[in-house]
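Chain letters run A, B, ... following the sequence lines, proteins first, then strands; residues in each count from 1. Model, not experiment: these values are computed from the prediction.
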2 protein chains.
Amino acid sequence: MAFTFQSKHDHGSCIKSALANAEQICADHNQRFTKIRRLVLELIWQSHKPLGAYELLPAIKQAGFNSAPPTVYRALEFLQEQGLVHRISSLNAFIGCSHPGHQGSSCFLICDQCQLAVEVESPVLASAIGDLSAEMGFVIEREHLEIVGKCRHCCSSKTKEVANKSPNIPCG
Amino acid sequence: MAFTFQSKHDHGSCIKSALANAEQICADHNQRFTKIRRLVLELIWQSHKPLGAYELLPAIKQAGFNSAPPTVYRALEFLQEQGLVHRISSLNAFIGCSHPGHQGSSCFLICDQCQLAVEVESPVLASAIGDLSAEMGFVIEREHLEIVGKCRHCCSSKTKEVANKSPNIPCG
DNA sequence: GATATAAAGTTATAATATAACAATTATTAC
DNA sequence: GTAATAATTGTTATATTATAACTTTATATC
Ligand SMILES: [Zn+2]
Ligand SMILES: [Zn+2]
Ligand SMILES: [Zn+2]
Ligand SMILES: [Zn+2]
């Protein structure tokens, strides 16, 4: 089941399936899913909170890899090319793709309180954007659709919640 | 008429009306439309190409103002607060708002060839996003909707066109 | 005109991202 | 299996974007 801001879920299986998907996708694309690429994807999947590139460096160092910025940016670039990771431009941060292999648009709902983000795919939204572009004679190459606000959970609770970075995290 | 990627238009009147609108809006909000704020808005409106903050600094210096980064960032922040300028996160760049005073979402179509950007407002798109968020129990605070591709003009012409930065520029 | 407030000047630095080249590792061709 | 090739990673340096902190100047209020 897709993550929808729920607090409790088996996030271990989120990570596990993300890595399994990645393995398959890289194989299909004839691309090498190297240790550092796997590690970066695993780190990105530690939570449903978009993480900055520099936030990953300590763990990369910890794991014994070179932890200069190019290391993580290269891995992130590769993962984006394979459709395994998305960059959230409004946050300068990266998040694992929830539906790897998806075509076209996906839209992120980003909670500015708990900092969790959910990737949604909406046919209605996609067709609205398609129509809009067609009207203008515009040919779409990529989209950055980021909606910032308060998630269901943070709306109903008065207490300020902050996304946990530990392995078991709200997800769905 | 709103800019729709047409090559020829009276861009001088784009600038003029943007400045007149700004003057009115600042007055309505009881905010000071100072010289530096006016200058930055005017510079932003030199074209329909989103411009980086640092691209504005030389002209600010030229005009005799302090040209350290905080100068331009403060002006841009003010202009964003007044709804006169938008930041395009995927480009780290800023563009004048085409419909100052508009409520809620607007969406940018950004040509990666000529580099021009058009701000569009679509009720269908807005309602798709509203529905999507409502379904998730998500309360929207702001949106970053950026669609990158090729504009009508660049699709039909084989030659690479680059946005002109001079005062008279494609607009609409 | 004195006081408070807002804006702009100034210096320094933080945060994010990439260029360029060397070393290593994996793949391919023989 | 070894040499040649290509891909990946290591390493150093630097570019780009943005903000913090404090000072000075201008504006508004009394
Ligand atoms: Zn995705
Ligand atoms: Zn999860
Ligand atoms: Zn606008
Ligand atoms: Zn174009």
Enquirer: Measure CZ/A:Phe33 against C1'/C:dA26 and give the value in whole Å, please.
Expert: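 Result: 17 Å.
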Enquirer: When the distance from CG of A:Asn30 to P of C:dT27 is rounded to whole Å, what number comes out?
Expert: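 These atoms are roughly 11 Å apart.
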Enquirer: Measure the distance from CD on B:Glu77 to C1' on D:dT17 and round it to the nearest whole Å.
Expert: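 From B:Glu77 CD to D:dT17 C1': 15 Å.
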Enquirer: Restricting to pairs with a member in residues 127-147 of chain B, which pass salt bridge (Lys or Arg N to Asp or Glu O under 4.0 Å), not counting sequence neighbours?
Expert: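 Every salt bridge (Lys or Arg N to Asp or Glu O under 4.0 Å) pair that includes a residue of residues 127-147 of chain B, provided the two are not neighbours, is A:Lys150-B:Glu141.
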Enquirer: Would you check, one step at a time, whether the test side chain to side chain contact (heavy atoms under 4.5 Å, CB included) holds for A:Ser89 with A:Arg87?
Expert: CA-CA 6 Å; A:Ser89 352; A:Arg87 182 170 187 273; 3.7 Å; yes
Enquirer: Could you note down all residue pairs passing salt bridge (Lys or Arg N to Asp or Glu O under 4.0 Å) where residues 26-40 of chain B supplies at least one of them, sequence neighbours left out?
Expert: B:Glu23-B:Arg38
Enquirer: Tell me: CG of B:Asn92 to P of C:dA14, nearest whole Å?
Expert: 20 Å
Enquirer: For B:Leu91, what are the other residues in its hydrophobic cluster, where any two members join if their side-chain heavy atoms are less than 4.5 angstrom apart?
Expert: B:Ile88, B:Ile95, B:Phe108, B:Ile110, B:Val148
Enquirer: Distance check: side-chain N/O of B:Tyr73 vs OP1/OP2 of D:dA18, anything under 4.0 Å?
Expert: yes
Enquirer: State which residues pass side-chain hydrogen bond (donor to acceptor under 3.5 Å, both in side chains) with A:His102; sequence neighbours excluded, sorted by chain then number.
Expert: A:His86, A:Glu119
Enquirer: Name the orientation class of the two ring planes belonging to B:Phe94 and B:Tyr73 (parallel below 30°, tilted from 30 to 60°, perpendicular beyond 60°).
Expert: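 Taking B:Tyr73 first and then B:Phe94, their aromatic rings stand perpendicular (interplane angle over 60°).
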Enquirer: Each nucleotide in nucleotides 7-13 of chain D should get exactly one letter: B, S or -. Can you fill that in based on protein heavy atoms under 4.0 Å?
Expert: -SBBBB-
Enquirer: Are the side chain of B:Thr71 and the backbone of B:Ser67 linked by a donor-acceptor contact shorter than 3.5 Å?
Expert: no
Enquirer: Using whole Å, report how far CG of B:Leu57 lies from C1' of D:dA15.
Expert: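 Atom-to-atom, B:Leu57 to D:dA15, this comes out as 15 Å.
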Enquirer: Once you build an axis from the first five pairs and another from the last five of the helix from C:dG1-D:dC30 to C:dC30-D:dG1, how far apart in angle are they, to 10 degrees?
Expert: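 Nearest ten degrees gives 30° for this helix.
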Enquirer: Nearest whole Å is fine: how far is D:dA18 C1' from A:Leu91 CG?
Expert: 15 Å
Enquirer: Would B:Phe78 and B:Tyr54 show up in the same hydrophobic cluster when neighbours are defined by side-chain heavy atoms closer than 4.5 Å?
Expert: yes
Enquirer: Between atom OH in B:Tyr54 and atom P in D:dT14, what is the gap in whole Å?
Expert: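 Atom-to-atom, B:Tyr54 to D:dT14, this comes out as 18 Å.
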Enquirer: Return the value, rounded to whole Å, for the distance between atom CZ of B:Phe94 and atom P of D:dT17.
Expert: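 So the two atoms are 10 Å apart, to the nearest Å.
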Enquirer: Pair A:Leu125, A:Cys107 - check side chain to side chain contact (heavy atoms under 4.5 Å, CB included), show working.
Expert: CA-CA 9 Å; A:Leu125 179 57; A:Cys107 175; 3.7 Å; yes
